[in-house]
Protein chains: 2
Amino acid sequence: MSEMDVNDKGRRSASSADVAALAGVSRATVSRCFTDGTSVKGDTRQRVLAAARTLGYEPNLLARMLNKQESNIVAVLTSDFANPFQPALMEALTSGMRAEQLTPLLLKGTSPMESADELIQLALSYRVAAIVVTVLNASQRMIERCFEAHVPLIFLNRVAEDTPATSVCLNSRSGARRVAEIFVESGTTRIGMISGNTGSWTNSMRRGGFRERLDELGHDLLGHIQGDFSYQSGHKAALQLMADFPRLDAIYACNDAMAFGAMDAIRFVRGARVPDDISVVGFDDVPVAAWGAYRLTTIHQPVAQMVEQTIQILKRPDRGLGLSEQVFLYDGHLVQRDTTRPVTLREGESDETTDPAKTDAR
Amino acid sequence: MSEMDVNDKGRRSASSADVAALAGVSRATVSRCFTDGTSVKGDTRQRVLAAARTLGYEPNLLARMLNKQESNIVAVLTSDFANPFQPALMEALTSGMRAEQLTPLLLKGTSPMESADELIQLALSYRVAAIVVTVLNASQRMIERCFEAHVPLIFLNRVAEDTPATSVCLNSRSGARRVAEIFVESGTTRIGMISGNTGSWTNSMRRGGFRERLDELGHDLLGHIQGDFSYQSGHKAALQLMADFPRLDAIYACNDAMAFGAMDAIRFVRGARVPDDISVVGFDDVPVAAWGAYRLTTIHQPVAQMVEQTIQILKRPDRGLGLSEQVFLYDGHLVQRDTTRPVTLREGESDETTDPAKTDAR
DNA sequence: AAAGTTCTTGCAAAGCTGTTCATTTTTTGT
DNA sequence: ACAAAAAATGAACAGCTTTGCAAGAACTTT
């Protein structure tokens with residue numbers, strides 16, 4: 001039997017055997033004291049807990065996971081923290097997971113276009129309970145491997161078609177279509193578009209939906225420049241558009257960051273007015289969009305609801321592995337602020353044009 | 001001996017025993033094939049690797065950690081993703097860690113003032129290799145427990161005095177002192193201050209340093225309102241200051257977010273000009289500070305360097321446990337943009353007043 | 001009250017999966 | 001063919017949970 005080395009201080013943290021020895025019980029008893037739903041005499045429990053406290057013992061979660069063949073670690077894969085709507089997403093995701101006793105293991109890729117395959121493999125090696133992918137793609141092959149390994153895969157913010165994976169996602173197409181409508185309705189029809197990285201699912205929806213609806217309404221897109229979702233690219237693209245099309249009267253940017261860049265180019269470089277000369281609409285409704293300096297009209301992305309849905313799935317005993325419904329689509333709604341000429345709103349849309357105090361937190 | 005159940009598909013992922021059986025070798029050999037620096041005949045290695053591929057086997061990292069008594073997981077504790085300089089920090093931290101084969105386990109607290117003790121305990125239970133704490137406090141008692149457990153603790157962005165923990169931190173005091181100087185030098189002396197949450201180390205330095213230097217220069221602080229580091233609180237505080245002190249000519253906000261709020265209040269609610277009527281200075285130099293709509297004069301926080309230092313520490317075999325130097329202080333430098341009247345700069349400070357194109361990424 | 005039945009609790013041992021170390025087996029060199 | 005080197009093995013270990021079993025406590029039944 002293992003002798004207890006009291007003097008071996010700090011070498012390694014106390015194990016259940018140490019506690020058992022000190023409390024004069026077996027290791028199984030110690031284990032029971034630390035798992036609820038088990039019966040152990042109050043007397044004994046006290047003794048064990050006291051011993052544990054003395055030795056600074058807490059069960060080794062690694063060993064527990066190994067033994068129980070179940071993990072409470074969820075891999076969260078992402079590539080881009082700079083994306084200004086990541087903070088809200090991470091905030092909601094980590095808080096929600098913590099409430100469910102899940103711990104996120106953060107795996108970061110280098111680029112949104114990069115395949116997450118390597119990261120998924122890593123997550124699998126850690127035998128995580130589930131994998132949440134957020135601004136990355138994955139190969140069909142890897143998605144299937146996850147499924148074979150019985151590890152549920154949830155794509156947050158993109159739809160993975162024809163795969164066994166679950167998707168929780170904004171219906172970017174419908175939001176983009178709505179942007180086309182308000183431009184037309186407010187009488188701006190010399191429209192330029194600034195899109196994001198090609199290859200991203202999000203971008204193709206935001207771009208495609210807009211073009212499609214504009215076409216249906218009988219208008220052409222005046223110009224289109226591809227950016228990379230960054231402020232800077234929006235800034236540059238707007239300058240280019242204005243140079244190419246002097247009579248441009250509206251810009252649709254596929255995310256808010258590019259819209260901000262475009263606005264600053266319009267106002268501070270070219271000295272034009274928004275929306276009087278050029279209207280601007282973004283996409284995402286990040287907190288900054290409500291700030292006084294921008295007050296951007298944009299499509300609100302219901303991040304909180306989407307994350308809530310994700311958490312609900314993770315909460316299931318099967319972590320969503322046996323889900324019948326594969327795709328959860330959320331509709332974004334228009335938030336009208338001061339970068340467009342006012343239009344009549346539909347139900348569910350919000351109007352902050354007259355409420356400058358309603359600036360969201362930081 | 002364990003029979004191999006080939007038909008037991010997907011029940012659990014393949015273990016080294018399965019691979020061993022298929023390749024006709026022992027588990028020890030399989031193990032050696034997956035650890036470099038070991039000798040195994042090329043022939044055999046091929047066979048094992050082939051078997052592994054067939055079964056989709058990858059070593060269970062949890063089991064490996066348990067056995068080797070060493071982890072490559074580092075707990076990252078934080079409380080506030082909304083903090084606009086968190087993205088840059090997380091970005092640098094996760095990238096740097098990944099390059100060192102370390103994986104961050106993300107533990108989020110609920111409030112910056114909250115003690116991280118519970119989270120640290122959780123991290124300890126996962127037997128992580130190290131703990132990085134970023135916008136949270138911890139009790140003396142808990143810090144010592146970490147040390148007893150031989151788990152290094154690094155405070156990023158606050159100094160933990162009189163503890164065995166390491167701190168990597170901005171010298172907020174010197175930055176704050178510099179702000180006082182440029183106000184005085186540019187002739188603005190009716191100054192209001194908007195501070196952040198009391199109890200945060202950062203805030204007390206940013207507040208204290210400013211007051212101290214202002215006092216040394218023979219000026220009084222006209223007014224002081226406490227915010228909570230959010231845009232909204234800055235907005236509100238600025239309105240209050242302007243109402244209380246009509247002749248106010250400068251506002252120092254203890255972080256950029258509050259400075260933005262203050263600027264918008266000054267410009268869009270009160271219709272005053274920045275810096276002509278009121279100068280504004282922030283702290284952090286978050287990306288938005290360079291954007292055209294704000295162009296905020298602020299103290300740049302060398303996040304990249306600080307994170308780099310943190311990574312260097314984590315890279316050490318002892319993860320920084322036996323570090324002689326306990327505190328790594330970094331000086332922030334002034335970035336002069338358009339919210340202050342120009343002053344002569346010192347060495348190391350940057351002047352972006354004449355370079356509107358130099359807007360940082362998103 | 002005595003005997004039978006059920007509940008509680010503690011114990012020993014097995015299992016999860018990968019690594020390591022002392023050994024045995026195989027290969028290589030001369 | 002013999003010593004030395006190389007390769008592969010078996011057993012032990014890391015730290016926890018779980019299960020089958022046995023003993024004692026509590027409760028029923030006649």
Side-chain angles (χ1 to χ4, degrees), chain A residues 1-5 8 11-48 51-52 55-72 124-128 149, chain B residues 1-5 8 11-21 23-48 51-52 55-72 124-128 149-150:
Chain A
M1 289 302 119
S2 68
E3 286 300 321
M4 226 210 336
D5 287 1
D8 189 2
R11 199 76 214 88
R12 72 196 195 309
S13 48
S15 77
S16 74
D18 301 328
V19 178
L22 182 60
V25 296
S26 74
R27 290 168 46 213
T29 308
V30 176
S31 171
R32 285 221 201 91
C33 289
F34 282 92
T35 32
D36 34 31
T38 53
S39 59
V40 51
K41 199 160 67 178
D43 177 22
T44 321
R45 165 162 267 142
Q46 290 316 314
R47 206 148 32 92
V48 170
L55 298 175
Y57 167 81
E58 283 282 327
N60 182 332
L61 262 34
L62 260 37
R64 178 179 286 180
M65 290 192 294
L66 181 59
N67 176 286
K68 301 235 288 192
Q69 297 281 81
E70 73 180 45
S71 166
N72 57 352
L124 251 25
S125 294
Y126 279 110
R127 303 296 192 271
V128 295
Chain B
M1 290 301 118
S2 69
E3 285 302 320
M4 223 209 341
D5 287 0
D8 190 2
R11 200 76 215 87
R12 72 193 195 310
S13 47
S15 77
S16 75
D18 301 329
V19 177
V25 297
S26 74
R27 288 168 49 215
T29 306
V30 175
S31 170
R32 289 218 302 295
C33 288
F34 281 91
T35 32
D36 33 31
T38 52
S39 62
V40 48
K41 201 160 67 177
D43 177 22
T44 319
R45 165 161 268 142
Q46 291 316 315
R47 206 147 33 91
V48 170
L55 299 174
Y57 169 80
E58 284 282 326
N60 181 332
L61 262 35
L62 260 37
R64 179 180 285 177
M65 291 193 292
L66 179 59
N67 175 285
K68 303 235 290 192
Q69 296 281 80
E70 72 178 47
S71 166
N72 57 352
L124 251 26
S125 294
Y126 279 111
R127 304 294 191 270
V128 296
H150 288 253

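All values below come from the heavy atoms of this structure, side chains included, with hydrogens, waters and symmetry mates left out. Quick note on labels: first sequence line is chain A, next is B, and so on, each numbered from 1.
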Open item on the list: Counting C-beta onward and ignoring hydrogens, is there a side-chain heavy-atom pair between A:Glu58 and B:Ser125 closer than 4.5 Å?
Closed with: yes
Between the protein and nucleotides 26-29 of chain C, which nitrogen or oxygen pairs come in under 3.5 angstrom?
none

Task: Set of residues satisfying side-chain hydrogen bond (donor to acceptor under 3.5 Å, both in side chains) with respect to A:Tyr57, sequence neighbours excluded - done: none
TODO: Would you kindly give the CZ-to-P distance between A:Arg47 and C:dT9, to the nearest whole Å?
DONE: 13 Å
Report each atom pair, protein N/O against N/O of nucleotides 17-22 of chain D, whose distance is under 3.5 angstrom.
from	atom 1	to	atom 2	distance (Å)
D:dT17	OP1	A:Arg64	NE	2.7
D:dT17	OP1	A:Arg64	NH2	2.7
D:dT17	OP2	A:Ser31	OG	2.6
D:dT17	O5'	A:Ser31	OG	3.4
D:dT17	O4'	A:Asn67	OD1	3.0
D:dT17	O2	A:Asn67	ND2	3.4

- [ ] In whole angstrom, give the distance that lies between atom CG of A:Leu62 and atom C1' of C:dC16.
- [x] 13 Å
Task: Qualifying residues under side-chain hydrogen bond (donor to acceptor under 3.5 Å, both in side chains), relative to A:Arg27, sequence neighbours excluded - done: none
Task: pair A:Pro59-A:Arg64: side-chain heavy atoms closer than 4.5 Å - done: yes
Task: Interatomic distance where CG belongs to B:Leu61 and C1' belongs to C:dT19 [whole Å] - done: 13 Å
Open item on the list: Expressed as a whole number of angstroms, how long is the span from B:Asn72:CG to C:dT19:P?
Closed with: 12 Å
TODO: Apply side-chain hydrogen bond (donor to acceptor under 3.5 Å, both in side chains) to B:Ser26 and list each qualifying residue two or more places apart in sequence or on a separate chain.
DONE: B:Thr29
- [ ] Provide, to the nearest angstrom, the distance between the CG atom belonging to A:Leu66 and the C1' atom belonging to C:dA14.
- [x] 14 Å
TODO: Whole angstrom is fine here: how far is it from CD in A:Gln69 over to C1' in C:dG18?
DONE: 13 Å
TODO: Mind checking side-chain contact (heavy atoms from CB on, under 4.5 Å) for B:Asn67 and listing every partner two or more places apart, or none if nothing turns up?
DONE: none
Task: side-chain contact (heavy atoms from CB on, under 4.5 Å) involving A:Arg32 - partner list, sequence neighbours excluded - done: A:Thr38
Open item on the list: Whole angstroms only, please: what is the OH-P distance between B:Tyr126 and D:dG15?
Closed with: 18 Å
Open item on the list: Strictly below 4.0 Å: does A:Thr29 bring a side-chain N or O up to OP1 or OP2 of C:dC11?
Closed with: yes
Open item on the list: Within the structure provided, determine whether A:Arg47 and A:Thr44 are in side-chain contact (heavy-atom separation under 4.5 Å).
Closed with: yes
Task: B:Tyr126 vs A:Met65 side-chain heavy atoms within contact, under 4.5 Å - done: yes
